Colleague: 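Mind having a look at this structure? Questions to follow.
Any value given below was found using the heavy atoms of this structure, including those in side chains, with hydrogens, waters and symmetry copies removed. Note that the structure is a prediction, hence the values are computed from the model and not measured.
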Amino acid sequence: MQPWIAWIVLLAGWVLPFLHVALSPRSGPWLPPPGGTCPLGPRLGWLTLVLLLGPIGWALYMKARRTRTAAG
């Protein structure tokens with residue numbers, strides 16, 4: 001594999017989705033909701049999924065964002 005192909009895969013699969021979730025205003029707050037038991041906020045949770053799963057985590061984020069906006 002050529003190095004430039006590897007960089008494109010890395011950028012397209014991890015960095016761009018990570019930036020999209022980090023910068024999107026619809027990702028939720030950084031801090032957890034009051035009274036929540038999880039120490040991570042919704043945005044940090046999505047960033048963790050995208051970091052660990054890459055394109056699959058981003059697809060999960062996009063599906064959840066689409067169903068949340070359609071439902072209410």
Colleague: List, by chain and then residue number, the residues other than L11 in its hydrophobic cluster (Ile/Leu/Val/Met/Phe/Trp/Tyr, side-chain heavy atoms under 4.5 Å); write none if there are no others.
Modeller: V15, L19

Colleague: Where is the tightest heavy-atom contact between S24 and Y61, given as atom of each residue plus distance?
Modeller: OG-OH, 3.4 Å

Colleague: Do the side chains of W14 and I8 join up, straight or via other hydrophobic residues, at under 4.5 Å, putting them in one cluster?
Modeller: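 Different clusters.
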
Colleague: Measuring from I5:CD1 to L10:CG, what's the distance to the nearest 0.5 Å?
Modeller: 13.5 Å

Colleague: Could you state whether L40 and L31 fall into the same hydrophobic cluster, counting links through intermediate Ile, Leu, Val, Met, Phe, Trp or Tyr residues with side-chain heavy atoms under 4.5 angstrom apart?
Modeller: no

Colleague: Taking side-chain contact (heavy atoms from CB on, under 4.5 Å) as the definition, give me every residue that meets it alongside W30, ordered by chain and number, with sequence neighbours left out.
Modeller: R43, L44, L47

Colleague: So, the side chain of W58 versus the backbone of F18: is there a donor-acceptor pair under 3.5 Å, distance only?
Modeller: no

Colleague: Taking only residues two or more places apart in sequence or in another chain, which ones pass side-chain contact (heavy atoms from CB on, under 4.5 Å) with L53?
Modeller: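 For L53 the side-chain contact (heavy atoms from CB on, under 4.5 Å) partners, ignoring immediate neighbours, are L49, I56, L60.
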
Colleague: Which heavy-atom pair separates C38 from P32 by the least distance, and what is that distance?
Modeller: O-CB, 3.5 Å

Colleague: For P29 and P42, which heavy atoms make the closest approach, and how far apart are they?
Modeller: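 Answer, listing the atom of P29 first, then P42: O-CD, 3.3 Å.
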
